[in-house]
Chemist: 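Handing you a structure now.
Residue numbering restarts at 1 for every chain, and letters A, B, ... go by the order of the sequence lines.
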Amino acid sequence: MPCLEWLDPGTEERGWWEEEKKEGGVKWMQLEHRGPYFVPLYEPLPEDVQFYYDGKPFKLSLATEEIATFYAKMLDHEYTTKEVFQNNFFHDWRKEMTSEEQEIIKDLDKCDFREIHKYFVDKNEARKALPKEEKQKLKEEADKIQEEYGYCIMDGHREKIGNFKTEPPGLFRGRGEHPKMGMLKKRIMPEDVIINCSRDSKIPEPPEGHRWKEVRFDNTVTWLASWTENIQNTLKYIMLNPSSKLKGEKDWQKYEVARRLKDVVHTIRAQYRRDWKSKEIKKRQRAVALYFIDKLALRAGNEKEEGETADTVGCCSLRVEHIQLHPQLDGQEHVVEFDFLGKDSIRYYNKVSVEKQVFKNLQLFMKNKDPTEDLFDQLSTNFLNRHLQHLMDGLTAKVFRTYNASITLQEQLKALTNPEDNVAGKLLSYNRANRAVAILCNHQRSIPKTFARSMQVLQEKIDAKKKQVEEAQEELKKAEEEFKDKSDAKAEDNVEKKKKLLKRLEEQLAKLNIQATDKEENKQIALGTSKLNYLDPRISVACKCPVLLHLQLGTKQLELPEGREVLGQGRVLRHQRGLCRNRRFVPVEEDHQEVLQHLPTPQLPPGPGHLHLLLLPKLPVQPERVPGAPAGSPVRCWGSHSMRFFSFLMEGNGP
DNA sequence: GGGTAGACTTGAACCGATCCTC
DNA sequence: GAGGATCGGTTCAAGTCTACCC
């Protein structure tokens with residue numbers, strides 16, 4: 001059976017996504033929505049909950065009190081132990097105080113927020129302990145808001161909005177050593193908000209007594225509303241949910257660009273290798289940087305304003321202090337040791353053996369420089385991307401990350417999956433392939449707080465199961481001896497029974513062991529980001545080996561073209577345990593592959609012998625169409641990334 | 001070609017709902 | 001049915017990249 005290469009150029013005909021392409025950067029023809037949902041105004045603390053200054057109760061003005069509650073709520077967070085956070089908070093808080101308050105409240109150490117903190121903790125507990133009916137009532141209220149504000153109409157379709165609420169006021173939580181952490185994030189008012197919609201739509205009403213900053217009719221952008229936040233003075237947007245057609249198409253285009261890179265990557269690699277010896281230092285720097293971006297999946301590394309954000313870097317902004325050169329290390333030659341903080345202040349630490357010419361270049365770039373100077377001092381991401389654009393239309397530094405992530409998944413799936421494995425084994429292989437990508441992209445997570453405990457519980461289960469297996473082995477032995485003595489049908493039956501039991505227990509033990517391995521290997525690695533942003537879902541379908549097609553339906557909807565059925569769903573599966581012991585997976589039989597064949601490229605191979613596993617965690621509900629939408633308009637499916645992708649594929653090939 | 005505002009994607013942390021086990 | 005674990009969605013910070021200015 002030939003393997004379907006994700007990256008082989010497809011021979012498919014022109015698709016609907018090309019036909020529907022709008023001219024001149026136009027993103028939509030019709031956009032109607034309710035505007036953002038504004039978070040409720042501040043509710044004052046009860047009289048008996050007090051703030052104390054220097055040991056004495058102190059009644060704060062309403063505005064001052066509100067900001068005090070922001071700090072009080074965070075008392076058990078590490079942030080409030082940081083000096084920068086405390087200083088920024090106190091500075092901003094004092095600015096909002098009345099002159100009387102300013103006169104008295106001069107020292108944060110004398111402020112006691114504990115009673116306020118306790119009030120919110122208790123309130124939270126009380127909310128959790130609410131009777132079922134009360135909780136249901138709250139949920140219904142939230143659902144009503146979601147219904148009302150959470151959707152818009154775009155080109156005749158009801159689309160889910162990603163973030164329809166304005167961000168609530170609070171204290172800024174920058175990541176890492178952010179110089180602005182603790183600063184006051186101000187409340188967003190309608191007067192701060194720019195609305196974007198179509199001219200002929202029903203323009204959203206601002207809350208009573210208010211007006212919008214501006215109403216715009218710009219269909220070359222995708223946002224519905226925007227405002228400028230006060231911490232970094234940057235724009236924030238209200239945009240569509242990733243499940244929307246607009247985002248889905250963009251996602252698909254991203255993977256198409258990555259697939260195109262496959263055809264030219266060898267030429268590009270050959271060129272940057274030549275450029276390592278260029279007479280122009282600038283070119284050499286570009287070539288070495290590109291090598292790192294390609295080989296190590298580093299981010300581009302735009303320049304950042306000093307003192308405005310945490311000190312993090314990417315490839316082009318690496319400084320001399322971030323690498324160490326070792327002519328020899330651990331039996332390898334020309335080793336570069338990277339140690340720097342990347343996006344979100346996540347540490348990147350890696351020792352890599354590089355080509356001799358790269359090593360020599362790095363020595364040259366570092367010569368006579370201070371540790372704090374730029375390694376690639378003549379290079380900018382702009383310069384690099386312009387060069388890449390010249391090599392391939394649409395190529396930028398980040399495409400290499402997508403490309404390398406996806407091709408790593410494909411290669412690892414091929415290498416790791418064993419068609420003979422059971423579901424647990426296949427899942428382990430899939431996770432391992434996914435993990436290889438996460439490691440490449442340096443997607444880390446903090447070890448879950450409950451990790452040690454849950455690992456211990458799992459180990460206890462394994463030990464107990466081992467004991468059961470041993471006992472079952474003993475019992476089988478006994479039964480066999482009994483059968484030897486008696487040789488009757490009952491004894492024979494008993495042997496068979498004991499054999500079955502032993503087999504079942506051994507399988508359970510194997511499954512537990514796999515689970516433990518998976519869990520341990522995944523301790524500090526976050527799989528979600530790569531699954532969501534870097535892995536072309538078609539790869540999960542198109543590999544030669546049995547695959548897991550990760551379709552995340554969420555609680556949302558799916559309508560398959562007529563004549564095709566939903567492959568499985570959470571609730572059904574629970575009744576099908578005999579058929580498939582794993583709650584979340586259902587083996588897809590031959591006839592179901594028809595659905596998979598709706599992937600535009602590459603097509604699935606015909607013929608038996610392929611077991612595809614679909615992940616369909618939740619029950620699909622009826623699809624929604626906007627009343628009056630033209631007949632045959634695309635069916636939309638909602639869910640996260642993979643499903644999003646699936647959804648527009650269905651549209652293109654649907655009825 | 002450098003600088004920058006604006007638009008959009010990527011990312012880890014958080015949190016509520018659901019699931020699983022006892 | 002309680003309680004803990006896990007899942008999946010949400011949040012909002014922090015990146016990338018383009019268009020446009022000079």
Side-chain angles (χ1 to χ4, degrees), chain A residues 25 27 77 124 127-128 135 138-139 142 146 150 160-168 170 172-176 178 180-181 185 194 196 218 220-223 226 228-229 231-237 239-243 246-247 250-251 254 282 299-305 308-310 312-317 342-346 380-386 388-389 394-399 401-402 438 441-446 448-451 453-455 457-458 461 519 526 528-534 552-556 570 574 583-584 615 617-618 638-641 643:
Chain A
K27 305 283 185 352
H77 205 290
N124 218 4
R127 191 174 46 84
K128 280 183 197 161
K135 276 187 183 170
L138 288 176
K139 192 176 175 292
Q146 165 85 39
K160 195 176 179 191
I161 299 170
N163 55 326
F164 62 90
K165 292 175 182 169
T166 56
E167 288 174 19
F172 178 71
R173 302 180 178 208
R175 315 240 169 96
H178 201 294
K180 295 192 170 185
M181 65 168 85
K185 247 180 82 166
I194 302 172
N196 193 33
D218 183 357
T220 66
V221 295
T222 64
W223 53 268
S226 72
T228 304
E229 56 88 31
I231 304 285
Q232 332 231 39
N233 205 33
T234 57
L235 281 153
K236 294 259 180 173
Y237 302 94
M239 288 187 187
L240 292 187
N241 186 274
S243 62
L246 207 65
K247 296 279 188 191
K250 226 24 206 316
D251 212 34
K254 174 180 77 184
K282 195 172 180 173
R299 296 187 185 84
N302 284 318
E303 251 182 275
K304 302 187 352 172
E305 216 175 316
E308 288 293 299
T309 58
T312 62
V313 295
C315 186
C316 294
S317 50
K343 184 179 177 181
D344 294 321
S345 295
I346 300 288
S380 72
T381 52
N382 251 330
F383 179 68
L384 175 66
N385 278 336
R386 258 175 235 186
L388 293 175
Q389 191 63 242
L395 185 62
T396 62
K398 88 184 178 83
V399 178
R401 228 166 124 81
T402 314
C441 294
N442 201 37
H443 291 145
Q444 295 184 34
R445 62 168 183 171
S446 44
K449 282 168 207 153
T450 54
F451 183 82
R453 174 77 198 121
S454 68
M455 203 62 197
V457 169
L458 191 54
K461 272 190 201 166
K519 207 180 175 89
T529 304
S530 50
K531 218 178 257 174
L532 214 59
N533 299 304
Y534 289 105
Q552 297 178 332
L553 275 176
T555 50
K556 308 305 182 307
R574 243 178 291 155
R583 180 180 54 82
R584 286 210 140 70
L615 175 55
K618 282 172 191 168
W638 294 332
S640 44
H641 158 77
M643 198 54 231

Chemist: Tell me the interatomic distance from Lys180(A), atom NZ, to dA14(C), atom C1', rounded to whole angstroms.
Modeler: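 Roughly 14 Å, once rounded to whole Å.
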Chemist: May I have the distance from Asp251(A) (atom CG) to dT10(B) (atom C1'), rounded to whole angstrom?
Modeler: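 Asp251(A) atom CG is separated from dT10(B) atom C1' by 11 Å.
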Chemist: Is the distance from OP1 or OP2 of dA13(B) to the nearest side-chain N or O of His77(A) less than 4.0 Å?
Modeler: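 It does not, given that no N or O in the side chain of His77(A) lies less than 4.0 Å from OP1 or OP2 of dA13(B).
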Chemist: Using OP1 and OP2 only, check whether a side-chain N or O of Tyr237(A) sits under 4.0 Å from dT9(B).
Modeler: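 Answer no for this pair, as no side-chain N or O of Tyr237(A) is under 4.0 Å from OP1 or OP2.
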Chemist: With a 4.5 Å limit on heavy-atom distance, are the side chains of Asn385(A) and Gln389(A) in contact?
Modeler: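 They are not in side-chain contact.
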Chemist: Using atom CZ of Arg175(A) as one end and atom P of dA13(B) as the other, report the distance to the nearest whole Å.
Modeler: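 Taking CZ of Arg175(A) and P of dA13(B), I get 8 Å after rounding.
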Chemist: State whether His178(A) places a side-chain N or O below 4.0 Å from either non-bridging phosphate oxygen (OP1 or OP2) of dA14(C).
Modeler: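 Affirmative; the distance criterion is met.
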Chemist: Regarding Phe172(A), tell me which of base, sugar-phosphate or nothing describes its non-hydrogen contacts under 4.0 Å with the strands shown.
Modeler: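 Sugar-phosphate only.
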Chemist: Looking at side-chain heavy atoms only, is the closest gap between Leu384(A) and Cys316(A) below 4.5 Å?
Modeler: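 Yes, their side chains come closer than 4.5 Å.
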Chemist: Measure from NZ on Lys236(A) to C1' on dA14(C) and round the result to the nearest Å.
Modeler: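 Atom NZ in Lys236(A) sits about 9 Å away from atom C1' in dA14(C).
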Chemist: How would you label the contact of Lys185(A) with the nucleic acid (heavy atoms, under 4.0 Å): base, sugar-phosphate, or nothing?
Modeler: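 Since only primed, P, OP1 and OP2 atoms lie under 4.0 Å of Lys185(A), the category is sugar-phosphate.
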Chemist: Between atom CD1 in Ile161(A) and atom P in dG9(C), what is the gap in whole Å?
Modeler: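 After rounding, the gap between these two atoms is 18 Å.
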Chemist: Specify whether Tyr237(A) and Trp223(A) have parallel, tilted or perpendicular ring planes, treating 30° as the upper limit for parallel and 60° as the lower limit for perpendicular.
Modeler: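 Geometry flag for Trp223(A) against Tyr237(A): tilted rings.
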Chemist: Under 4.0 angstrom, heavy atoms only, what part of the nucleic acid is Thr222(A) near: base, sugar-phosphate, or nothing?
Modeler: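 If one applies the 4.0 Å heavy-atom cut-off, Thr222(A) turns out to touch the sugar-phosphate alone, with no base involved.
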Chemist: Quickly work out the Leu240(A) CG to dC8(B) P distance and round it to whole Å.
Modeler: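 The answer, rounded to whole Å, is 10 Å.
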Chemist: Indicate, with a heavy-atom threshold strictly under 4.0 Å, whether Gln444(A) touches base, sugar-phosphate, or nothing.
Modeler: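 Touches sugar-phosphate only.
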Chemist: Side-chain contact, heavy-atom cut-off 4.5 Å: Arg299(A) with Lys398(A)?
Modeler: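 Counting from C-beta outward, Arg299(A) and Lys398(A) never come under 4.5 Å.
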Chemist: If we only count heavy atoms from C-beta on, is the Leu240(A) to Lys160(A) side-chain gap below 4.5 Å?
Modeler: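 Not touching, per the 4.5 Å side-chain cut-off.
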Chemist: For nucleotides 15-22 of chain C, give me one character per nucleotide, 5' to 3': B if any protein heavy atom sits under 4.0 Å from the base, S if the only such contacts are to the sugar-phosphate, - if neither.
Modeler: SBBB----
Chemist: Given that Arg445(A) and Asn124(A) both sit by DNA chain B, which one's nearest nucleotide is further toward the 5' end?
Modeler: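 Its nucleotide being nearer the 5' end, the pick is Arg445(A).
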Chemist: Looking only at non-hydrogen atoms, find the nearest pair between Lys304(A) and Thr312(A) and report the distance.
Modeler: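 Smallest heavy-atom distance, with atoms named: NZ-OG1, 2.6 Å.
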Chemist: Could you please spell out the steps behind the side-chain contact (heavy atoms from CB on, under 4.5 Å) verdict for Phe172(A) and Glu229(A)?
Modeler: CA-CA 11 Å; Phe172(A) 178 71; Glu229(A) 56 88 31; 5.6 Å; no
Chemist: Give a yes/no answer on whether the side chain of Lys250(A) brings an N or O atom under 4.0 Å of OP1 or OP2 in dC8(B).
Modeler: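 So the side chain of Lys250(A) is outside the cut-off, no N or O lying under 4.0 Å from OP1 or OP2 of dC8(B).
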Chemist: Where each residue is assigned the nucleotide of DNA chain B containing its nearest heavy atom, which of Leu246(A) and Lys128(A) is assigned the position nearer the 5′ end?
Modeler: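 Counting from the 5' end, the first nearest nucleotide belongs to Leu246(A).
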Chemist: Can you confirm whether Glu303(A) is buried at CD, in the sense that more than 12 heavy atoms of other residues, nucleotides or ligands lie under 6.0 Å from that atom?
Modeler: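 Atom CD in Glu303(A) is not crowded, with 12 or fewer foreign heavy atoms closer than 6.0 Å.
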Chemist: Nearest-Å distance, CG (Asn163(A)) to P (dC12(C))?
Modeler: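 Nearest whole value for this atom pair: 9 Å.
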Chemist: Whole-Å distance between dC12(C) P and Gln232(A) CD?
Modeler: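 About 14 Å, once rounded to whole Å.
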